[in-house]
Student: 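Take this structure first; my questions come after.
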Amino acid sequence: MMKRETLLSGISALLLLAACKGKPQPVAENKQVCVSDSMAKIITIDTAKTTAIKNELTLSGEVSNDENNVVKVFPFSSGQILDVKVSLGDKVTKGQTLAIMRSADVAGNYTDLTATKSDLAISKRQLEQAEYLYKNGISSERDYTEAKENYNKAEAANRKIQQQIAINGGGNTNPGGTLVIKAPESGYIVEKNVTTGSFIRQDNNGSMFTISNMKDVWIWANVFESDISKVKTGYSAKVTTLAYPGKVFEGKIDAISSVLDPDNKVLKIKVVLPNTDMLLKPEMFTNVVITNNDAATSVSIPAKAVIFDSSKNFVVVYNSKCDLKVREVSVIKTVDDVTYIASGLNAGDKVISKNGLLLYDALAGD
């Protein structure tokens, strides 16, 4: 009976040993490790604090022009484009020639101007003659008044044609019907809808060119229905692109659409970004990370202080130079290099946030 009990005890011990080898061992915290003077120079000690929990939401987006700072160039007359002087993406200055067009409308305006000038000259001579005859008692006041009205009508007709030419061409036309289209503002050609030989009709509602100064750009990001409550005007936004890996553009949510896009059932939000280096181009795809602080709070520490081992999270708590403890913590999440702790630490506890792994190995090692 003793041998049986001894055999059973031996088997139990082996099973216990095997079970212990198959499971992570609890961290031993009973070792005393002191921080030497040389070690003190390479570690960093941070204090756990109670802070508001940050939330992050990752969205896809696209770069767009700042629609409040673009100039669209429309044709004022119908005609044919003889030459286009710029290409998409070109930088232009105010007054620079964009295209040259030949227009029958412009030529017709100059023909009308010649006719109205002739009518004005004739009515002026008739008025002078009627005034002379009236003052010398030869003709009636009625004849003089009628001549004056004819002159005023001719003058108004002539002024109307001059204004049409000024509006339609802005001084960039000639009697042959040529119209020179110039840039009204300096900037970049971000849209070009004409080519050499194109015909422009009077009922064409589209712009010929769009010019943007590109100093600011808009990022339109897509928010799914389940995430609508996580975005609000003023929330911080970090934008990254494939074109510039590692570079982060920072802005804020400027506006949120009031309706869902009918095609893909997403809500559009607008992020305004400064584009001082002209790196962001229209139609670029972007990743947008929205960050906000919600009402909940928890203990937070630098993310570098957390040590992941055996599927668990630990920190090295610093009480004094020779009083260090390894403590298991429950992590809520990590946002912007800050880790939020659900349990295991209290506000005010000091933790090793740099080179803590060295001390962890010394404290938890066999």
Side-chain angles (χ1 to χ4, degrees), residues 61-109 162-174 177-222 239 241 249 251 254-259 261-263 268-286:
E62 186 175 297
V63 179
S64 175
N65 297 307
D66 180 352
E67 294 297 332
N68 293 329
N69 288 302
V70 297
V71 178
K72 292 185 178 292
V73 181
F74 290 91
F76 291 100
S77 301
S78 61
Q80 184 180 20
I81 302 296
L82 299 180
D83 191 14
V84 179
K85 300 292 187 179
V86 295
S87 300
L88 187 66
D90 284 357
K91 184 178 181 180
V92 297
T93 56
K94 184 176 181 179
Q96 180 176 335
T97 298
L98 304 179
I100 299 174
M101 183 172 75
R102 191 170 187 180
S103 171
D105 293 340
V106 172
N109 286 338
Q162 289 179 332
Q163 290 174 346
Q164 285 180 349
I165 293 175
I167 292 172
N168 292 343
N172 301 315
T173 59
N174 62 39
T178 300
L179 170 60
V180 179
I181 300 164
K182 296 185 176 182
E185 295 292 341
S186 298
Y188 295 85
I189 302 294
V190 296
E191 186 180 16
K192 172 177 168 287
N193 297 316
V194 294
T195 57
T196 300
S198 299
F199 285 91
I200 305 298
R201 297 165 48 118
Q202 287 183 335
D203 58 354
N204 182 18
N205 296 322
S207 62
M208 301 173 68
F209 303 94
T210 300
I211 300 173
S212 172
N213 58 26
M214 298 287 288
K215 291 180 180 178
D216 292 310
V217 293
W218 291 352
I219 309 295
W220 289 103
N222 302 319
V239 179
T241 63
F249 303 88
D254 180 71
I256 300 175
S257 176
S258 299
V259 295
D261 188 298
D263 295 326
K268 296 284 186 179
I269 64 170
K270 181 180 73 177
V271 177
V272 178
L273 290 182
N275 193 27
T276 52
D277 296 328
M278 302 297 166
L279 297 178
L280 297 172
K281 316 295 183 185
E283 310 300 328
M284 270 187 176
F285 288 106
T286 62

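What's counted below: heavy atoms across the whole structure, side chains too, no hydrogens, waters or symmetry copies. Fair warning: this is a prediction, and the values are worked out from it, not measured in the lab.
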Student: In Å, rounded to the nearest 0.5 Å, how long is the span from OH of Tyr188 to NZ of Lys281?
Tutor: 7.0 Å
Student: Can you see which heavy atom on Gly197 is nearest to which on Gln80, and at what distance?
Tutor: O-NE2, 3.5 Å
Student: Assess the residue pair Val194 and Phe209 against the criterion (side-chain contact (heavy atoms from CB on, under 4.5 Å)); give the C-alpha distance rounded to whole Å, side-chain angles, the decisive distance to 0.1 Å, and a yes or no.
Tutor: CA-CA 8 Å; Val194 294; Phe209 303 94; 3.6 Å; yes
Student: Are any non-hydrogen side-chain atoms of Ile211 and Ile189 less than 4.5 angstrom apart?
Tutor: yes
Student: Hey, does the Lys NZ or Arg CZ of Lys270 hover above the aromatic six-ring of Trp218, less than 6.0 Å from the centre and inside 45° of the axis?
Tutor: yes
Student: Output all residues satisfying salt bridge (Lys or Arg N to Asp or Glu O under 4.0 Å) with Asp261, sequence neighbours left out; order by chain, then residue number.
Tutor: none
Student: Mind checking whether Leu279 and Thr241 have side chains closer than 4.5 Å, heavy atoms only?
Tutor: no
Student: Would you name the heavy atoms of Thr93 and Ser186 that are closest together and state the gap between them?
Tutor: CA-OG, 3.4 Å
Student: Decide yes or no for Met208 and Asn193: does some side-chain heavy atom of the first lie under 4.5 Å from some side-chain heavy atom of the second?
Tutor: no
Student: Between Met214 and Asn65, is there a side-chain heavy-atom distance shorter than 4.5 Å?
Tutor: yes
Student: Taking all non-hydrogen atoms of both residues into account, name the closest pair between Asn109 and Ile165 and its distance.
Tutor: CB-CG1, 3.7 Å
Student: Is any side-chain heavy atom of Asp66 closer than 4.5 Å to one of Ser212?
Tutor: no
Student: Do you know which two heavy atoms are closest between Val106 and Ser77, and how far apart they sit?
Tutor: CG2-OG, 3.9 Å
Student: List the steps and the verdict of side-chain contact (heavy atoms from CB on, under 4.5 Å) for Val63 and Thr286.
Tutor: CA-CA 7 Å; Val63 179; Thr286 62; 3.7 Å; yes
Student: Between Asn222 and Lys268, does any side-chain donor sit less than 3.5 Å from a side-chain acceptor?
Tutor: yes
Student: Minimum heavy-atom separation for Val92 to Glu185, with atom names?
Tutor: CG2-O, 4.3 Å
Student: How about Phe285: does its CZ atom have over 12 heavy atoms from other parts shown lying under 6.0 Å from it?
Tutor: no
Student: Which heavy atom in Glu283 sits nearest to a heavy atom in Glu62, and how many Å separate them?
Tutor: OE1-OE2, 3.0 Å
